[in-house]
Amino acid sequence: MATRIDKLVKSYVLKSETVHALRGVSFDVPEGDYVAIMGPSGSGKSTLLNMLGCLDQPTSGSLFLGDDNISLMTDDELAEIRSRRVGFVFQSYNLIQQLTVVENIQVPLYYQGRLGAKEYARAVALAEQVGLGDRLGHRPNQLSGGQQQRVAIARSLVNDPYFILADEPTGNLDSVTTDEILELFDRLNGEGRTIILVTHEDDVAERARRIVRLKDGSLYSDESVSEEQRAAARLLQHEAAIAVKEKQGLAE
């Protein structure tokens, strides 16, 4: 298992009132899976995201990353596993503006004191894998939004994580770039990468293999997405991208 969530509960006390953000949520994510997590505001989606990212611990229940139960870890242990075993992709990219593409990809390694020739070569290889082999020396302000998100995806892979945790990764992107980024996720998943993607867009979620829906802090549904649905979502987004390109005079 990439991650296993068992009866996860998270409660907060705000202004003397207890808020039950998660109410016994349970589901597994096997290695190589591609899961979309959805839910309205207040569903517990963000709280679960923080748990999966080792940014917070549950009130009760268990959350395993591989064989490690993070609910039993100290803050220092959480920071260690977060830096080594989770690959983050954010809506706003979260790149360091002063660094080049290859330097941004190496940032997780920098915090571990691993910046040798081997690590540099890996960062270059990942840049090439996401189609940025000719942009190694560029800085974020010299890149498009889609290119910046590709840097973020390459960065998320540099530690060979248990899974990629993508928080609204297409939220700031247009139709053309959304299609390109989701194609990249499809390819990475096809190569065996585990992806957990948080989104509020149905057509983005339908590119995944499963959709987990939360409501009022509980697991509302956990359903597989058929290959027919996935193909239809891909076609719909590809057609939308072509329409935009044609309007801009960029279609092949």
Side-chain angles (χ1 to χ4, degrees), residues 1-6 8 21-23 25-55 63-65 86-93 130 146 149-150 152-153 156-157 161-175 177-241:
M1 288 293 165
T3 184
R4 179 162 58 88
I5 299 164
D6 185 27
L8 204 65
L22 292 175
R23 302 170 182 261
V25 172
S26 298
F27 66 92
D28 296 338
V29 180
E31 290 183 359
D33 207 350
Y34 185 174
V35 180
I37 297 176
M38 303 190 74
S41 177
S43 64
K45 191 169 73 260
S46 296
T47 301
L48 180 59
L49 181 71
N50 287 340
M51 300 286 178
L52 289 167
C54 300
L55 296 166
L63 195 159
F64 288 84
L65 300 190
V86 183
F88 293 93
V89 179
F90 302 96
Q91 179 176 345
S92 56
Y93 324 132
V130 299
Q149 195 61 293
R150 287 173 180 271
I153 292 169
S156 78
L157 295 169
Y162 286 132
F163 53 81
I164 298 172
L165 186 59
D167 183 14
E168 301 282 3
T170 61
N172 286 342
L173 304 177
D174 59 25
S175 297
T177 314
T178 291
D179 186 48
E180 293 172 352
I181 293 300
L182 292 178
E183 285 287 348
L184 178 55
F185 277 136
D186 286 346
R187 177 160 59 83
L188 290 171
N189 181 245
E191 294 169 356
R193 294 287 181 180
T194 307
I195 300 172
I196 301 174
L197 180 149
V198 176
T199 183
H200 66 277
E201 300 174 88
D202 287 321
D203 58 336
V204 171
E206 287 173 1
R207 296 285 288 261
R209 298 181 184 277
R210 286 165 61 198
I211 301 177
V212 170
R213 296 181 188 272
L214 301 179
K215 186 176 181 180
D216 299 326
S218 299
L219 181 67
Y220 181 72
S221 64
D222 181 355
E223 299 177 343
S224 297
V225 183
S226 69
E227 287 304 315
E228 291 78 10
Q229 285 176 284
R230 299 184 73 205
R234 282 194 292 269
L235 179 60
L236 184 66
Q237 286 163 341
H238 188 56
E239 288 177 342

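The environment of Tyr220 atom OH is sparse: at most 12 non-hydrogen atoms of other residues, nucleotides or ligands sit within 6.0 angstrom.
In terms of heavy atoms, Leu214 sits closest to Pro40 at O-CD, 3.6 Å. Of all heavy-atom pairs spanning Val204 and Gln237, the tightest one is N-NE2, 3.6 Å. Smallest separation of non-hydrogen atoms from Leu63 and Thr3: CD2-OG1, 3.7 Å.
Applying the side-chain hydrogen bond (donor to acceptor under 3.5 Å, both in side chains) definition to pairs two or more places apart or across chains, none involves residues 34-53. Applying the salt bridge (charged side-chain N to carboxylate O under 4.0 Å, His left out) rule to pairs touching residues 220-229 yields Arg209-Glu227, Arg210-Asp222, Glu227-Arg230, sequence neighbours excluded. For residues 190-203, the set of pairs meeting the salt bridge (charged side-chain N to carboxylate O under 4.0 Å, His left out) definition, not counting sequence neighbours, comprises Asp160-Arg193, Arg187-Glu191, Asp202-Arg213.
Every residue meeting the side-chain contact (heavy atoms from CB on, under 4.5 Å) condition with Ser26, not counting sequence neighbours, appears here in chain and number order: Asp6, Lys7. Listed by chain and number, the residues in a side chain to side chain donor-acceptor pair (under 3.5 Å) with Glu239 amount to none (sequence neighbours excluded). By the ring-ring contact (aromatic ring centres under 6.0 Å, His included) test, Phe88 is found to be paired with Phe90, residues two or more places apart in sequence or in another chain being considered. With sequence neighbours excluded, the residues satisfying side-chain contact (heavy atoms from CB on, under 4.5 Å) with His238 are Asp179, Ile242. Residues satisfying the side chain to side chain donor-acceptor pair (under 3.5 Å) test with Gln91, not counting sequence neighbours, are Asn172. In terms of the ring-ring contact (aromatic ring centres under 6.0 Å, His included) criterion, Tyr93 has no residue partners (sequence neighbours excluded). With sequence neighbours excluded, the residues that form a side-chain contact (heavy atoms from CB on, under 4.5 Å) with Ala233 are Glu206, Arg207. For Asp216, the side-chain contact (heavy atoms from CB on, under 4.5 Å) criterion is met by no residue, not counting sequence neighbours.
Listed for the Arg150 side chain is a donor-acceptor partner under 3.5 Å among the backbone atoms of Val130. Between the Asn189 side chain and the Gly32 main chain, a donor and an acceptor come within less than 3.5 Å of each other. Although no hydrogens or angles enter the test, the distance criterion places a donor-acceptor pair under 3.5 Å between the side chain of Gln229 and the main chain of Ser226. In terms of modelled atom types and a separation under 3.5 Å, the side chain of Thr170 and the main chain of Leu173 share no donor-acceptor contact. Under the 3.5 Å distance criterion, the side-chain polar atoms of Ser175 are left unmatched by any main-chain donor or acceptor of Ala240.
Here the side chains of Val29 and Met1 are not in contact, with every heavy-atom distance at 4.5 Å or above. The shortest distance between side-chain heavy atoms of Ile195 and Val35 does not fall below 4.5 Å. In this structure the side chain of Leu165 never reaches within 4.5 angstrom of the side chain of Leu197, judged on heavy atoms. Leu219 places a side-chain heavy atom less than 4.5 Å from the side chain of Val212. For the pair Leu65/Cys54, a side-chain contact is recorded, criterion being any heavy-atom separation below 4.5 Å from C-beta on.
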- [ ] Apply side-chain contact (heavy atoms from CB on, under 4.5 Å) to the pair Leu188 and Leu157, showing each step before the final yes or no.
- [x] CA-CA 10 Å; Leu188 290 171; Leu157 295 169; 3.9 Å; yes
- [ ] Using the side-chain contact (heavy atoms from CB on, under 4.5 Å) rule, take Phe64 and Asp28 through it: C-alpha gap first, then chi angles, then the decisive distance, then the call.
- [x] CA-CA 9 Å; Phe64 288 84; Asp28 296 338; over 6 Å; no
